[in-house]
Amino acid sequence: IMLFPNGNETSATYFILIGLPGIEAAQFWLAFPLCFLYLVAVLGNLTIIYIIKTERSLHEPMYLFLCMLSTTDILISTSSMPKMLAIFWFNATTIKFDACLVQMFAIHSLSGMESTVLLAMAFDRYVAICHPLRHAAVFTSPRISKIGLAAVIRGAVLMAPLPIFIKRLPFCHSNILSHSYCLHQDVMKLACADIHINVIYGLIVIITAIGLDSVLISLSYLLILKTVLGLTREAQSKAFSTCVSHVCAVFIFFVPFIGLSMVHRFGKRTGSNLHIIMANVYLIVPPVLNPIVYGVKTKQIRQRIIHHFRSASGSSDLE
């Protein structure tokens with residue numbers, strides 16, 4: 001498909017998103033497990049938010065940050081999954097240029113916010129384990145609210161230039177994107193102009209946001225490990241149990257992100273389906289797994305979920 005058959009440079013009006021090339025016939029059926037995963041992500045994270053909000057004993061920094069993480073997970077999956085399901089079920093592959101920019105901004109900014117929240121959670125664990133007497137003074141309710149606001153502002157400000165840089169580019173060839181949703185690195189490759197500014201700014205964002213956050217998170221856990229090794233066996237077990245869920249969440253977020261970035265920059269010879277699958281994994285797997293990990297590994301949340309289900313089943317039995 002040629003966006004401009006005469007090859008003239010002009011502004012794009014729409015893009016074509018793709019499903020899984022070569023297995024179009026199976027896309028309809030593949031959408032059902034994707035829809036199931038999306039529902040699990042939304043319901044699981046809503047459950048975490050509800051449990052934390054209704055249980056005053058969980059109004060602590062670690063759980064309040066988890067509430068922020070769950071909110072971000074719902075938004076990031078909702079920014080892409082409905083359109084992806086429409087592509088697989090109804091072949092609704094067209095997306096308007098402005099809608100593409102909005103989706104691109106939402107996905108990238110929410111990813112930045114999630115990275116910031118994970119960093120805040122790592123710092124919370126560092127202070128709680130390495131400086132427990134200062135924890136209450138450092139993580140006051142107003143300060144936690146400011147950290148949440150800072151995560152939103154940081155993600156929005158860092159990613160705001162991306163749609164502006166795309167808007168200035170002329171497009172003159174194919175309008176077919178290589179994913180089921182809009183990504184900055186995908187859209188800019190279709191431009192018929194110099195994209196060095198886009199490439200440089202994209203690298204700056206990755207280094208100053210995701211890269212810096214991952215380094216600081218790693219540093220936090222190195223300091224935590226150093227402190228924990230000097231504790232008794234019982235204290236070590238308790239300290240590790242409070243960190244394991246967050247460590248899982250960090251790996252669940254950063255590993256797909258780094259893998260997708262590597263494939264985009266160095267995997268030119270890899271198949272297009274690999275790019276698409278990794279991009280879909282990046283957006284759906286963390287929102288699905290995070291509530292499961294925290295629900296299973298965090299004793300307080302697990303107990304409250306079981307309690308609510310028993311209360312609900314008890315009420316239905318009485319009726």
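Worth knowing before you read on, the calculation uses all heavy atoms, side chains too, and leaves out hydrogens, waters and symmetry mates. All of these numbers come straight from a predicted model, not from anything done at the bench.
No side-chain donor from either of D124 and H246 sits under 3.5 Å from a side-chain acceptor of the other. Side-chain contact check for Y63 and E55: no donor-acceptor pair (N or O, by modelled atom type) lies under 3.5 Å.
Below 30°, between 30° and 60°, or above 60°: for F32 and F28 the angle between ring planes is above 60°, a perpendicular geometry. Taking the six-membered ring where the residue is Trp, F97 and F15 present tilted rings, their angle falling between 30° and 60°.
Taking SG of C243 as the reference point, atom NZ of K238 lies at 12.0 Å (rounded to 0.5 Å). Separating the CG atom in L37 from the OG atom in S77 is a distance of 10.5 Å, to the nearest 0.5 Å. One distance of note links OH of Y294 with CD1 of I52; it measures 9.5 Å at 0.5 Å rounding. For the atom pair CZ of F88 and OG1 of T93, the computed distance is 12.0 Å after rounding to the nearest 0.5 Å. From N198, atom CG reaches atom CZ of R168 across 5.0 Å, with rounding to the nearest 0.5 Å.
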Could you go step by step and tell me if M104 and L183 meet the side chain to side chain contact (heavy atoms under 4.5 Å, CB included) rule? CA-CA 5 Å; M104 180 183 71; L183 285 175; 5.8 Å; no
Before giving the answer on side chain to side chain contact (heavy atoms under 4.5 Å, CB included), spell out for L283 and M81 the whole-Å C-alpha distance, their side-chain angles and the decisive distance to 0.1 Å. CA-CA 8 Å; L283 285 190; M81 284 304 300; over 6 Å; no
Test side chain to side chain contact (heavy atoms under 4.5 Å, CB included) on F65 and L118; report intermediate values, then the result. CA-CA 8 Å; F65 286 132; L118 289 171; over 6 Å; no
Derivation and outcome, side chain to side chain donor-acceptor pair (under 3.5 Å), residues Y38 and T78: CA-CA 8 Å; Y38 175 56; T78 301; 3.0 Å; yes
Report the C-alpha separation of R143 and F139 in whole Å, then their side-chain angles, then the decisive distance to 0.1 Å, and conclude whether the side chain to side chain contact (heavy atoms under 4.5 Å, CB included) test is met. CA-CA 6 Å; R143 191 164 290 165; F139 288 98; 5.8 Å; no
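Proximity of the aromatic rings of Y221 and Y126 is defined here by a centroid distance below 6.0 angstrom, and this criterion is not met. The six-membered or imidazole ring of F165 lies near that of Y201, with a centre-to-centre distance under 6.0 Å.
Residues F105 and I164 are members of separate hydrophobic clusters, defined by side-chain heavy-atom contacts under 4.5 angstrom among Ile, Leu, Val, Met, Phe, Trp and Tyr. No single ILVMFWY cluster, assembled from side-chain heavy atoms under 4.5 Å apart, contains both I153 and V117. Note on I301 and V244: separate hydrophobic clusters, where clusters join Ile, Leu, Val, Met, Phe, Trp and Tyr whose side-chain heavy atoms are under 4.5 Å apart, directly or indirectly. Cluster annotation: V102 and I95 are assigned to distinct hydrophobic clusters (Ile/Leu/Val/Met/Phe/Trp/Tyr, side-chain heavy-atom contacts under 4.5 Å, transitive). When the side chains of ILVMFWY residues are joined at heavy-atom separations under 4.5 Å, either directly or via intervening members, L223 and M121 end up in a single hydrophobic cluster.
The nearest pair of heavy atoms linking C100 to L177 is SG-CD1, 4.2 Å. Nearest approach of L58 to Q300, heavy atoms of both residues: CD2-CB, 3.7 Å. Nearest heavy-atom pair across S180 and M84 is CB-CG, 3.7 Å. In this structure, P286 and E114 approach most closely via the heavy-atom pair CB-OE2, 4.4 Å. Closest approach of L101 and K167 over heavy atoms only: CD1-CD, 3.8 Å. What you find for T227 and L231 is that their closest heavy atoms are O-CG, 3.5 Å.
Counting heavy-atom neighbours within 6.0 Å of R302 CZ, excluding the residue itself, gives a total above 12. Atom CD1 of I197 has 12 or fewer neighbouring heavy atoms from other residues, nucleotides or ligands inside a 6.0 Å radius.
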